[in-house]
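Remember, it's a predicted structure, so these values are computed and weren't measured experimentally. One-based numbering, in listed order, for ligands and for the atoms of each.
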Amino acid sequence: MSEIDLPEDHPRYESLRTRHRIEAGVEKGITSTQGLIAEGRGEAFDYLLGERTIESAEAAERAAAAQQLLADHPVISVNGNVAALVAAETVELANAVDADIEINLFNRTPERMDAIAAHLREHGASEIKGLTADGRIPNLSHERAKVDADGIGAADVVLVPLEDGDRAEALGEMGKTEIVIDLNPLSRSARSAAIPIVDNIIRAVPNMTEHARELRDEDDVRLREIVDAFDPENALTEAEKAIRDGELA
Ligand code: PTJ
């Protein structure tokens, strides 16, 4: 069954659509096979959350939009799962907050870098960073340390969706403000973020774009107020509570 054949009234429509996108990502050489496992883990958390954007995540998405609008140089980091799930939506967000898009992979190969760049271009991206890799994140031994000096290397705010914790921590140590999207509120990346968004990336990215469009004409004082009013500890606690106490469908 292709994405188009899925009946929209199927009770698990969104979840099945997401699976198809990830499968197609693997077939196109965009997503790693480990990405399938990561998606499975994410799905389990999303199921427990009720497959909805909880109130604290909505507040995080608004604060994240404000933080990116305030930034001098925001960058959105893209891996194989992000590209497969929300390529067009990521380009829209980048346009709304005037951010660079940079590919950064855990399992980095030239073939995957090229396939993801081509896929993002097909979905409207013009400039894509990450391919030069002339910068390094200190204290990180794996491939994720490779960044563009004028991309993540020079960024003040970085959006890092769906990743393992050590790069998230290393970016924090470089003094960058991090926004993390991760359905697991206990993950190290969510815990090290200035703004952790505990929501499915499928919902989080379009929501952030909507907030950014709405906030675009606000002055910096108002945007700063929105960021300062956001409490990351509280957002993580609320998400964990929703997962533990939620009613299963
Ligand atoms: O494309 P690459 O080579 O850079 O590899 C990307 C993966 C995702 C394979 C790599 O970063 C990885 O192994 O990540 P982890 O350690 O499995 O962490 C992924 C996190 O994202 C987990 O905490 C999942 O719960 C979460 N997650 C998975 N799917 C979603 C999600 N969060 C939000 N939305 C999702 N759809």
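From the protein, the heavy atom lying nearest to atom 32 (N) of ligand 1 is L183 N, 3.2 Å. Nearest protein neighbour of atom 4 (O) of ligand 1, counting heavy atoms only, is F106 N, 2.7 Å. Distance from atom 6 (C) of ligand 1 to its nearest protein heavy atom, with residue and atom name: N79 ND2, 3.7 Å. If you check which protein heavy atom lies closest to atom 16 (O) of ligand 1, you get D164 CB, 3.7 Å. Among all non-hydrogen protein atoms, the one lying nearest atom 23 (O) of ligand 1 is D182 OD1, 2.8 Å.
Considering I37, V205, I201, V86 only, the shortest heavy-atom separation from atom 34 (N) of ligand 1 involves I201. For atom 29 (N) of ligand 1, the nearest non-hydrogen atom from the set E163, E39, R188 comes from E39. In this comparison of Q34, R21, R144, the heavy atom closest to atom 10 (C) of ligand 1 sits on R144. Around atom 15 (P) of ligand 1, the closest heavy atom drawn from A38, S187, S15, G25 belongs to A38.
With D46 as the partner, the side-chain hydrogen bond (donor to acceptor under 3.5 Å, both in side chains) test is satisfied by one option alone out of R203, R41, R52: R203.
Near L105, the atoms of ligand 1 lying under 4.0 angstrom from a non-hydrogen atom of the residue are 1 (O), 4 (O). Less than 4.0 angstrom separates some heavy atom of L162 from each of these atoms of ligand 1: 8 (C), 11 (O), 21 (O), 27 (N), 29 (N), 30 (C), 31 (C), 32 (N), 33 (C), 34 (N), 35 (C). Interface atoms of ligand 1 facing N107, defined by a heavy-atom separation under 4.0 Å, are 3 (O). Shown in contact with R112 at under 4.0 Å from a heavy atom are these atoms of ligand 1, numbered in order with element: 1 (O), 2 (P), 3 (O). Per-residue contacts place G35 under 4.0 angstrom from the following atoms of ligand 1 (heavy atoms of the residue considered): 9 (C). When each atom of ligand 1 is checked for a heavy atom of D199 under 4.0 Å away, the hits are 33 (C), 34 (N). Distances below 4.0 Å separate heavy atoms of G80 from the following atoms of ligand 1: 1 (O).
In summary, E127 and K129 engage in a salt bridge, as defined by a charged side-chain N under 4.0 Å from a carboxylate O. Taking 4.0 Å as the cut-off between side-chain N and carboxylate O, E92 and R213 count as a salt-bridged pair.
Looking only at side-chain heavy atoms (C-beta outward), V97 and M208 stay at 4.5 Å or farther from each other.
Close N/O approach between N200 and ligand 1 is found [any backbone or side-chain N/O within under 3.5 Å]. At under 3.5 Å, not a single nitrogen or oxygen of L85, backbone or side chain, sits near a nitrogen or oxygen of ligand 1. Residue N81 has no nitrogen or oxygen atom sitting less than 3.5 Å from a nitrogen or oxygen atom of ligand 1, judged on distance alone.
Counted by atom type alone, E58 and H211 present one or more donor-acceptor pairs between their side chains at under 3.5 Å. Side-chain contact of N104 with S77: a donor-acceptor pair under 3.5 Å is absent, judged by distance alone.
The main-chain N or O of N184 is found under 3.5 Å from a side-chain atom of D182 such that the two form a donor-acceptor pair. H119 places no side-chain N or O within donor-acceptor distance of the main-chain N or O of A87, the cut-off being under 3.5 Å.
In the displayed structure, D98 atom CG is contacted under 6.0 Å by at most 12 heavy atoms of other residues, nucleotides or ligands. Within a 6.0 Å radius of CD in E210, other residues, nucleotides and ligands contribute 12 heavy atoms or fewer. Residue N139 places its CG atom among 12 or fewer non-hydrogen atoms of other residues, nucleotides or ligands, all under 6.0 Å distant. Heavy atoms of other residues, nucleotides or ligands lying less than 6.0 angstrom from CZ of R188 number more than 12. Applying the 6.0 Å contact sphere to CD of E233 captures no more than 12 heavy atoms from other residues, nucleotides or ligands.
Ligand 1 lies out of reach of E43, whose nearest heavy atom is not under 4.0 Å from it. Using a 4.0 angstrom heavy-atom cutoff, V82 does not count as in contact with ligand 1. For I202, the heavy-atom gap to ligand 1 stays at 4.0 angstrom or more.
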